[in-house]
Amino acid sequence: MDLKTEVLVIGGGATGAGIARDLSLRGIPALLIEKGDLLSGASGRNHGLLHSGARYVVSDPEAARECIAENRILRKIAPHCLEETDGLFVSLPEDGLDFRDRFIQACQETTIPAKLLSREETLGLEPDLNPALLSAVKVPDGAIDPFELVLANAKDAEVHGATFLLHTEVTSFLVNGNKVTAAFAKDLLHGEEYRIEASYFINATGAWADNLLKKVGLCLPMALSKGSMLITNQRLSHRVINRCRPPSNGDIIVPNHTVSILGTTSVRLEDVECFEVMPHEVSLLIDETSKMLPNIREARLIRAYAGIRPLFQSEEKDDDRAISRGFVLIDHEMRDGLNNLITITGGKLVTYRLMAEKTVDLICKKLNIDLSCSTHLKPLTKRDHPCSLKDRLKTLGSMETLCDCELVGIEEVIEVLKEGKLKSFQDILRRTRLTKGTCQGAFCVHRLLGLLHDLGMVKEDSNHILKGFLEERWKGIRPILWGSALKEEELIEGIYKGIFNLKKSKEFGVGSSE
Ligand SMILES: Cc1cc2nc3c(=O)[nH]c(=O)nc-3n(C[C@H](O)[C@H](O)[C@H](O)COP(=O)(O)OP(=O)(O)OC[C@H]3O[C@@H](n4cnc5c(N)ncnc54)[C@H](O)[C@@H]3O)c2cc1C
């Protein structure tokens, strides 16, 4: 099929969705193409920390400035995607106080509000912290729900005219002289092929940026840094807990909806498609985070997962943590003589909007038009269903639930199904809180299948869908299988094998309702 647009955005993470929204708000036609579902890259596999910038304030003040500025904007335009928890940078006896003093000074220079708390004040706020702590510094960190954020950007982009092509990979480009004239793409689920003409092409593929550029004979020095994280079965603190020392392994605990997320590690990879959480990373994360919150050792882990940071390497560095978390915007006209290709990569989830603004500013400059950005002013629309844990708790008892851990109602799921963009079972899970809570889908996925049957969206035997889900779930469960997590898994295996009599799977997918 032949398609034509003004700007083709490649990559459906926060950056790509943010660019699509910005372009469409400025009235510039855009098509976004994503090889998986929205959020299948780092945007759906991160720590969910609304950075205040404090983490980078000593080592990378420029990135810290970007974070605090965007933190303030996100609180205004996307309050339903955030939880304003605040964050504590905790000093333990082995950390000393030298770094803490430099940290407070740097926060002042970067305008990040920072308040020093005594040991007693800190324990008053978070009684489960290590009682040996020396002090803590309170900063405006928070929790962010990347799923709500990216889906809200995509929805608003569509409302303003952008179109999305999901599960479709850009496989090659047609280059004519100093211009890219078309991109070729393939629907990875149904095999349909596309030829897409555009005036401008934006590479917003995050950690895949170099892979994509190779298709036009260019390259980009990227460091692929895997970060692994663990999820506990309940919230372990009210606030984000950081270790007050230079960024290292296992020094952040983020409360997120009903759970806490412990992270991260930093391991250099060669292949962006091939990674998993290793058992030694699980041990390292528990050892390090339990120094701040000792009761982590008793907590039940419910899942491990990892993502790849898209780090742009301006010079070779031994330690990936020393590479800037700032973003790079590359005009390939200036760098490589290709007039209509732009790459945007690096940065943070928190800075996605700024990255989009700068990219679209560059497009406007190239188009010689004067259209200003409004994404810092226009709030993102909240979906009809309750987003935050607080709002979900208010609905308790007043709705029929599919997921008891995360209080997801049947109505909410039906609304998502009605939107009709879903091509696979996992797409439904990405658009709701189903399977993200304590039981990790053990007690809600078969209810969801029942609903799909009732709506006529799944016909015949659906055990292959159940099996596909369990195989995906297993990837996150396997690295944490010991202690109480192992017991829970044996129970779930018994339930699923006993009740559903699972057999070998076929390819799974969700059909549309008649
Ligand atoms: C472990 C970890 C923890 C993090 N924690 C935080 C945090 O707490 N707070 C924070 O602010 N930031 C955090 N980040 C950083 C943040 O997640 C990323 O900076 C951000 O999500 C990058 O978004 P993106 O859209 O640029 O890339 P991505 O989300 O990776 O999107 C790129 C997309 O491009 C698609 N794609 C690739 N090739 C093609 C192709 N040929 N055709 C079509 N599509 C293609 C991919 O499928 C992918 O979906 C973390 C990152 C990691 C890895």
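In each ligand, atom 1 is the first atom listed, and ligand 1 is the first ligand listed. Model, not experiment: these values are computed from the prediction. Atom set for the values below is all heavy atoms of this structure, side chains included, hydrogens, waters and symmetry mates excluded.
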Report task. Give a yes or no on whether a salt bridge exists between Lys382 and Glu148, defined as a side-chain N under 4.0 angstrom from a carboxylate O. Result -> no
Name every donor-acceptor pair, under 3.5 Å, that has one atom in a side chain of residues 156-163 and the other anywhere in the protein, sequence neighbours excluded.
| unit_1 | atom_1 | unit_2 | atom_2 | d |
| --- | --- | --- | --- | --- |
| Asp156 | OD2 | Arg21 | NE | 2.7 |
| Asp156 | OD2 | Arg21 | NH2 | 3.2 |
| Glu158 | OE1 | Lys421 | NZ | 3.3 |
| Glu158 | OE2 | Lys421 | NZ | 3.1 |
| His160 | ND1 | Asp156 | O | 2.9 |

Query raised in the report: Sequence neighbours excluded, which residues qualify as side chain to side chain contact (heavy atoms under 4.5 Å, CB included) partners of Glu192?
Result: Met1, Asp187, Tyr194
Ligand 1 N/O to protein N/O, distances under 3.5 Å:
| unit_1 | atom_1 | unit_2 | atom_2 | d |
| --- | --- | --- | --- | --- |
| ligand 1 | 5 (N) | His47 | N | 3.2 |
| ligand 1 | 8 (O) | Gly48 | N | 3.4 |
| ligand 1 | 8 (O) | Leu49 | N | 2.9 |
| ligand 1 | 9 (N) | Leu49 | O | 2.9 |
| ligand 1 | 11 (O) | Leu349 | N | 3.1 |
| ligand 1 | 11 (O) | Val350 | N | 2.9 |
| ligand 1 | 12 (N) | Leu349 | N | 3.1 |
| ligand 1 | 17 (O) | Ala42 | O | 3.4 |
| ligand 1 | 17 (O) | Asn46 | ND2 | 3.3 |
| ligand 1 | 19 (O) | Gly347 | O | 3.2 |
| ligand 1 | 21 (O) | Ser43 | N | 3.2 |
| ligand 1 | 21 (O) | Ser43 | OG | 2.9 |
| ligand 1 | 23 (O) | Ser43 | OG | 3.1 |
| ligand 1 | 25 (O) | Ala14 | N | 3.2 |
| ligand 1 | 25 (O) | Thr15 | N | 3.0 |
| ligand 1 | 25 (O) | Thr15 | OG1 | 3.3 |
| ligand 1 | 26 (O) | Thr15 | OG1 | 2.7 |
| ligand 1 | 29 (O) | Ala42 | N | 3.3 |
| ligand 1 | 29 (O) | Ser43 | N | 2.8 |
| ligand 1 | 29 (O) | Ser43 | OG | 2.6 |
| ligand 1 | 30 (O) | Ala42 | N | 2.9 |
| ligand 1 | 41 (N) | Val170 | O | 3.2 |
| ligand 1 | 42 (N) | Val170 | N | 3.1 |
| ligand 1 | 44 (N) | Lys35 | N | 3.1 |
| ligand 1 | 47 (O) | Glu34 | OE2 | 2.7 |
| ligand 1 | 49 (O) | Glu34 | OE1 | 2.8 |
| ligand 1 | 49 (O) | Glu34 | OE2 | 3.2 |
| ligand 1 | 49 (O) | Gly41 | N | 3.3 |

Report task. Report the residues that fulfil side chain to side chain donor-acceptor pair (under 3.5 Å) with Arg325, sequence neighbours left out, ordered by chain and then residue number. Result -> none
Requested in this report: May I ask you to check if Lys348 and Tyr56 form a cation-pi contact, with NZ or CZ under 6.0 angstrom from the six-membered ring centre and within 45° of the axis?
Outcome: no
Report summary line: On a heavy-atom basis, the closest approach of Arg75 and Leu50 is NH2-CD2, 4.0 Å
